[in-house]
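Just follow the structure's listing: the first ligand is 1, and inside any ligand the first atom is 1. Treat the numbers as computed from the prediction; the structure is a model and nothing was measured.
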Amino acid sequence: MLYLSTRGHPDRKHFCDILLEGLAPDGGLYLPEHYPQVDDAMLTRLRTAYHEQGYAELAFQLLSLYIDDIPAADLKALCAKTYTAEVFGTGEIVPLRHLEDSLWLEALSNGPTLAFKDMAMQLLGNLFEYELARRGEQLNILGATSGDTGSAAEYAMRGKAGVRVFMTSPHGRMSAFQQAQMFSLQDENIHNIAIEGVFDDCQDIVKAVSNDHAFKHKYKIGTVNSINWARLLAQVVYYFAGYIQATEENHEKVSFTVPSGNFGNVCAGHVARSMGLPIDKLVVATNENDVLDEFFRTGVYRVRGSADTHETSSPSMDISKASNFERFVFDLLGRDGARVQALFGDALAREGRFDLSADPAFADAAARYGFVSGKSTHADRLATIRDTFQRFGMTIDTHTADGVKVARAHTTPGVPMLVLETALPIKFAETIEEALGHAPDRPAKFAGIEDLPKRVQVMPADADVVKAYIARHCD
Ligand SMILES: *Cc1c(COP(=O)(O)O)cnc(C)c1O
């Protein structure tokens, strides 16, 4: 399998080359040349693999369709090492829980940092370690986080040979639990950098460092953000695992609702559906930052300015643009790289928006690709958390609540609707208290985490200071 850029660059690459790379050279995102098709017999084999050998085997069989430059035995071992009951809490790895009628939750948040990002990041950590050792190379990951991405990356890379993590976050702005999760790590290869500023300042620093090509090259700077194809690919697996658990026969259909920000999670659903998995609808749930809901309702994609980007109680969905959305638009427009370049490279840079409402392809988003959308607000979130607790005795997190709220508007009788649970409530305890009047349960392994010694450097919002720190800590 070879990979190409969404903006039409002529190069074709293998999986391990794009694993360690960010954007394609023309600024596009990587996608496979085609989506391997899963027919009835293959789906039956995958079903058996999941039931009899478990999630790791399902992951191995699906990843094998996309990765031809890692020997099968090695890939199998990497999957087996990643997806264990010890790391993810249950043998099913992503168990389903029933809410009402056709509505289910698919639990993706029982990994080390209690958010779905562990599902992909844990595999990425093992892939990086494997590939860097094979090449005899090192990688210094520089990132910016407002919470979930940074902790998932640090827990995936801690103690890994050949990798260091430099993670910037806005000083004093993450929840106490999120700060404790990251800053209590004592591993030598993990560096927490608290920036005196907001999240955008952290992102600007990462951009400034990445744009200094000499520095980037000398210090082997890389990223782990959600545009990484390997992360997206790892996420495809749990759409299959959800489908297999919710159905007994291959012709049955299932829908998914996905609390969305950068469109990474639901884009994996689009890939699974494009492979032939019988998915009816893919429901994109947004919070007040409704860039994606606006597109799927109107055909207009409009990037928000910082004054228009709201700080909400589902903060991991607070985005001004959806960085993986380009992948879907590439498929929607018949894989026309020149048009994607004109939209994402030119129109967005010039006007901050583009409009596909008059394009016949826009109707295909729903009719051909199953996409629909909806939006949820702070009041919806509180009401949904309260209602879910009162009726089912279950506490759900704020992002998952956005999903449940939006899913209810799109259910079809007889078609299971799986809402992806993207985090556990303890990560967003303040809003849970606001909704329920009491704090959510805390998993035993996180007892007293706020009292552990913290390992963090506070720095001004100055890229040069961050560069000097990186230079001092790389040999
Ligand atoms: C990252 C994240 C999201 C958004 O996922 P995308 O892939 O960016 O769409 C939703 N919920 C939680 C809890 C997250 O951490």
Across all chains, not counting sequence neighbours, the ring-ring contact (aromatic ring centres under 6.0 Å, His included) partners of H34 are none
Contacts of E21 meeting side-chain contact (heavy atoms from CB on, under 4.5 Å) (sequence neighbours excluded), chain-then-number -> K13, P25, Y30
Do you see a donor-acceptor pair shorter than 3.5 Å between the side chains of D187 and Y155? no
Less than 4.0 Å from some atom of ligand 1, heavy atoms are found in residues F116, K117, D148, P259, S260, G261, N262, F263, G264, N265, S316, M317, H399, T422, A423
Verify the distance criterion only: is there a donor paired with an acceptor across the side chains of N228 and R231 at less than 3.5 Å? no
Hits for side-chain contact (heavy atoms from CB on, under 4.5 Å) against V303, two or more places apart or cross-chain, chain-then-number order -> Y301, K321, L348
| query | Side chains of H270 and D331: is there a donor and an acceptor less than 3.5 Å apart? | reply | yes
